[in-house]
Amino acid sequence: MSTSEPSADGSLPEDTEAVRRALVAWYEADHRAYPWRETTDPYAIWVSEVMSQQTQLDRVVRAFEGFVERWPDVEALAAADRSEVVGFWSSHSLGYNNRARYLHEAAGQVVEEFDGSFPETPAELQELQGVGPYTANAVASFAFNNGDAVVDTNVKRVLYRAFSVPDDDTAFEEAAEALMPDGESRVWNNAVMELGGVACEKTPACDTAECPWREWCDAYATGDFSAPDVPTQSAFEGSRRQFRGRVVRVLGEYDSLPLSELGPRIRVDYTPDGEHGREWLSDLLSDLADDGLVALDTDGETTARLRQ
DNA sequence: TTCCGGCGAT
DNA sequence: ATCGCCGGAA
């Protein structure tokens, strides 16, 4: 341990144990009940985490229940047609369709490379398609109580406000790890994310949510509830993303469609030789084909369908 | 406009 | 290493 490096946990309260106890007690006294909090099945937890990467939790519940009912375990998902999984994703408005492909792909990995049982460490979990540092830690924590401290944007906001941890990924990771009680990743990561979700949202609710960290919180003391910067995204309306999504949703409703019939269903101003015509549509479709979501049949007039 | 983590391009 | 893309409801 070098003494010249600035230590990220230097700003954490001295009585770490009291901080920990307060949060865990607060979480255990009351928290939102979600179906994935009622299970330690790694398959169910993994599915819920991938869905939650992009969709607000209250909207995930219905999709989650439908998904695990239709594909109850990793073998069932691995055996499914990809088009069915992508179609489900699209019809439940779950966003980024690539994630449906990742799920299907990773289910195959678990069956083929891990003998059908999920790996239990964050490092191994990250070998699965679509599973990065965040999801690996979440699954390892909630399924196996075997994770490191989870750092997502909620956690960053909490650490930034409460303990003035600088807006820096390494600093966040070190502070999160220093706070987490050894061997208690399941309850701890649940509790921290609950705090970020109900008490320390963009608009804080310190008193109404009875935040357990008020006595240590820098933001509560100063009234400065600013949060780490999040990059803004370009408009969705009229974007390429919107038309990609539309293609997948339409193809989910048909077996296959010739481009001449697909085009007008994607945009009303579709004219084969116009600015948004055959060429524009082909570009979009070849990207979707590269992503493994769409199959193109170029025997005669080109037709498109969801990839099996 | 805001929300989100993983991936692929650079 | 860093950054833009990806969906679509709220």
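Sequence lines set the chain letters: A, B, ... in the order given, protein chains first and strands last, and positions in each chain run from 1.
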>> Nearest whole Å is fine: how far is B/dG6 C1' from A/Glu127 CD?
In response: 16 Å

> How many Å lie between CG on A/Leu57 and P on B/dG5, as a whole number?
Replying inline: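 The distance from CG of A/Leu57 to P of B/dG5 comes to 11 Å, rounded to the nearest Å.
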
Do the ring planes of [X] and [Y] sit parallel (below 30°), tilted (30 to 60°) or perpendicular (above 60°)?
{"X": "A/Phe172", "Y": "A/Tyr160", "result": "tilted"}
{"X": "A/Trp213", "Y": "A/Phe163", "result": "tilted"}
{"X": "A/Phe88", "Y": "A/His92", "result": "parallel"}

Side chains of [X] and [Y] only: does a donor on one sit below 3.5 Å from an acceptor on the other?
{"X": "A/Asn98", "Y": "A/Tyr96", "value": "yes"}
{"X": "A/Ser83", "Y": "A/Asp81", "value": "no"}
{"X": "A/Tyr134", "Y": "A/Gln53", "value": "no"}

> Between A/Asn137 and A/Val150, is there a donor-acceptor pair closer than 3.5 Å when you use the side chain of the first and the backbone of the second?
Replying inline: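 A pair under 3.5 Å: no.
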
> With a cut-off of 6.0 Å (strictly less than), are more than 12 heavy atoms of other residues, nucleotides or ligands near CD of A/Glu210?
Replying inline: no

For nucleotides 7-10 of chain C, tabulate all protein N/O to nucleotide N/O atom pairs closer than 3.5 Å, reporting atom names and distance.
unit_1: C/dG7; atom_1: OP1; unit_2: A/Arg244; atom_2: NE; d: 3.3
unit_1: C/dG7; atom_1: OP1; unit_2: A/Arg244; atom_2: NH2; d: 2.8
unit_1: C/dG7; atom_1: OP2; unit_2: A/Arg244; atom_2: NE; d: 2.6
unit_1: C/dG7; atom_1: O4'; unit_2: A/Tyr96; atom_2: N; d: 2.8
unit_1: C/dG7; atom_1: N7; unit_2: A/Arg241; atom_2: NE; d: 2.8
unit_1: C/dG7; atom_1: O6; unit_2: A/Gln233; atom_2: OE1; d: 2.9
unit_1: C/dG7; atom_1: O6; unit_2: A/Gln233; atom_2: NE2; d: 3.1
unit_1: C/dG7; atom_1: N2; unit_2: A/Gln54; atom_2: O; d: 2.8
unit_1: C/dA9; atom_1: OP1; unit_2: A/Ser93; atom_2: OG; d: 2.9
unit_1: C/dA9; atom_1: O4'; unit_2: A/Arg59; atom_2: NH1; d: 3.1

>> Give the residues of residues 132-157 of chain A touching DNA chain C, defined as any heavy atom closer than 4.0 Å, sorted by residue number.
In response: none

>> So if I take residues 99-113 of chain A and measure heavy-atom distances to DNA chain B, which residues fall below 4.0 Å?
In response: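 Those residues are A/Arg99, A/Tyr102.
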
>> Under 6.0 Å between ring centres: does that hold for A/Trp36 and A/Phe64?
In response: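 Ring-ring flag for A/Trp36/A/Phe64: true, centres closer than 6.0 Å.
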
>> Within the 4.5 Å heavy-atom criterion, are A/Asp287 and A/Arg244 side-chain neighbours or not?
In response: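 With C-beta onward as the side chain, the pair touches.
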
> When we call it a touch if two heavy atoms are under 4.0 Å apart, what does A/Val230 touch: a base, just sugar-phosphate, or nothing?
Replying inline: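 The residue A/Val230 makes sugar-phosphate contact but no base contact.
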
>> Students often get this wrong, so: under 4.0 angstrom with heavy atoms, is A/Thr232 touching a base, only sugar-phosphate, or nothing?
In response: sugar-phosphate

